[in-house]
Amino acid sequence: MTVAVPPAGRKPRLPRTPSAARLAPARRPDAAALTAALLGWYDRHRRVLPWRAPAGVRADPYAVWLSEIMLQQTTVKAVVPYFRTFTAAFPTVRDLAAAELDSVLRLWAGLGYYARARNLHACARAVAERHGGVFPGTVDALRALPGIGDYTANAIAAIAFDVPVVPIDGNVERVLTRLHALEEELPGGKPRLRALADALEPAGRAGDFAQALMDLGATICTPKSPACVLCPWSEPCAARRRGDPEGFPRKAPKKEGTLRRGAAFVAVRGDGAVLVRSRPEKGLLGGMTEVPTTAWSADFSPQNALDHAPGLDAVAPGWRRLPGVVTHVFTHFPLELFVFVAAVPAGVDAPAGTRWVAQGDIAGEAFPNVMRKVLAHAGIDPKPAPPDPSPRISKPKRSPR
DNA sequence: AACGCGTGGTC
DNA sequence: TGACCAAGCGT
């Protein structure tokens, strides 16, 4: 279905009479009216978040950038404690640039998508070196920095610099495809979505407008059971009028990955030290810490697992397989790990490419969650990955239905 | 362009 | 309870 998008700044003609209104074909909603309704709603219901400035105050670009990177494919609830930890450890982008990559990875551990942490560090250094420690205020300059794609460049430009652009994330995607009942499947329909976003009018409040769209998507226009009765755009929403808001956005089904298996080896010394190694910089869980494992493959069998773990038979005389398996689901494949444990005599050297981590340092290692599960399965408490999910943030809960 | 890349919450 | 999803990016 082809949808004509009116040029920004011009309103579609309104029908003259009520009867004409009823008979008229669906019209593009009036951009100025949409803006007024959305910003009015935002002024009453905006969420209070650690990286947001008070109403009427422009937010700190560093805080906006840091939060936007953390929020990529990640929930607000998960991000808040990490955001507090990072701003405490690195008050400015220069502090972050001066830090070792390894300390950044350690603080990031548990948040997922670890390439973000490496790009975060690289971006901080680029800002420090290329821009004198000050974030640039244009979409193009932001877009050129590591870890900043189309969405994030537009979000930072709008929120931190009030550049009149509309960032499109999952929330905005949902809100706009519903508002227009866009039939075209995503991601193919993204260019049309871009046109719909560009037809909106932030009216001099680009930052508020962008965050209003996201708050609307996060609290009202939710994927399941949207609260249309509370929505400022309820009246013009084509999907609601059609009685099927949940049906948007239209998406092509995605295929699932096949199960992989492997073995993980937990070698524990008498003093509590554990044998670990670092994963390669690139790829799955890049740069993170792990206990030695076999390769993970669809045809793995635990029978001769040690044959596929060179050097480990020399570390300890008796490897014992624990009952059960550790399961973990990555975005693109599920994983089952068989866990082997061994008590290692004092004085045994770590094989090439591995190292001993003292008992007290285990919590500080950059273990991804799958490895924390393995350690827990072996009876070792890896300590909570995320910082304390301490002070509550405002939660605009609505009554259950 | 399609895929690789984590984790936690929700129903 | 497994499937789906959440403020995407890099290749």
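Quantities reported herein were computed from a predicted structural model and do not represent experimental measurements. Just so it is clear: chains get the letters A, B, ... in the order the sequence lines come, proteins before strands, and each one is counted from 1.
Listed pair A/Y114 / B/dT7 meets the phosphate criterion, a side-chain N or O lying under 4.0 Å from OP1 or OP2. Not one side-chain nitrogen or oxygen of A/N119 sits closer than 4.0 Å to the OP1 or OP2 atom of C/dC9. For A/H328, no side-chain nitrogen or oxygen approaches OP1 or OP2 of B/dG6 to under 4.0 Å. Look at A/Q73 and you won't find any side-chain N or O under 4.0 angstrom from OP1 or OP2 of C/dA6.
Separation of the P atoms belonging to B/dG6 and C/dT11 is 14 Å when rounded to the nearest angstrom.
Residues of residues 151-158 of chain A having a heavy atom closer than 4.0 Å to DNA chain C, listed by number: A/Y151, A/T152.
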Which pairs would a plain distance check flag for residues 336-345 of chain A, meaning a side-chain donor or acceptor within less than 3.5 Å of a matching protein atom at least two apart in sequence or in another chain?
from: A/E336; atom 1: OE1; to: A/R261; atom 2: NE; distance (Å): 3.0

Give the table of side-chain donor-acceptor pairs shorter than 3.5 Å for residues 104-113 of chain A, with sequence neighbours excluded, one pair per line with atom names and distance.
from: A/R106; atom 1: NH1; to: A/D102; atom 2: OD2; distance (Å): 2.4
from: A/W108; atom 1: NE1; to: A/G112; atom 2: O; distance (Å): 2.9

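Of all nucleotides listed (B/dG6, C/dG8, C/dG10), B/dG6 comes nearest to the side chain of A/L284. Here the nucleotide nearest the side chain of A/P223, chosen from C/dC9, B/dC5, C/dC5, is C/dC5. Which of C/dA6, B/dT7, B/dC5 sits closest to the side chain of A/R174 comes down to C/dA6.
Atom CZ of A/R118 and atom P of C/dT11 are 10 Å apart (whole Å). Nucleotide B/dG9 holds its P atom 19 Å from the NZ atom of A/K224, rounded to whole Å.
With A/E365 as the partner, the salt bridge (Lys or Arg N to Asp or Glu O under 4.0 Å) test is satisfied by one option alone out of A/R277, A/R372, A/R355: A/R355.
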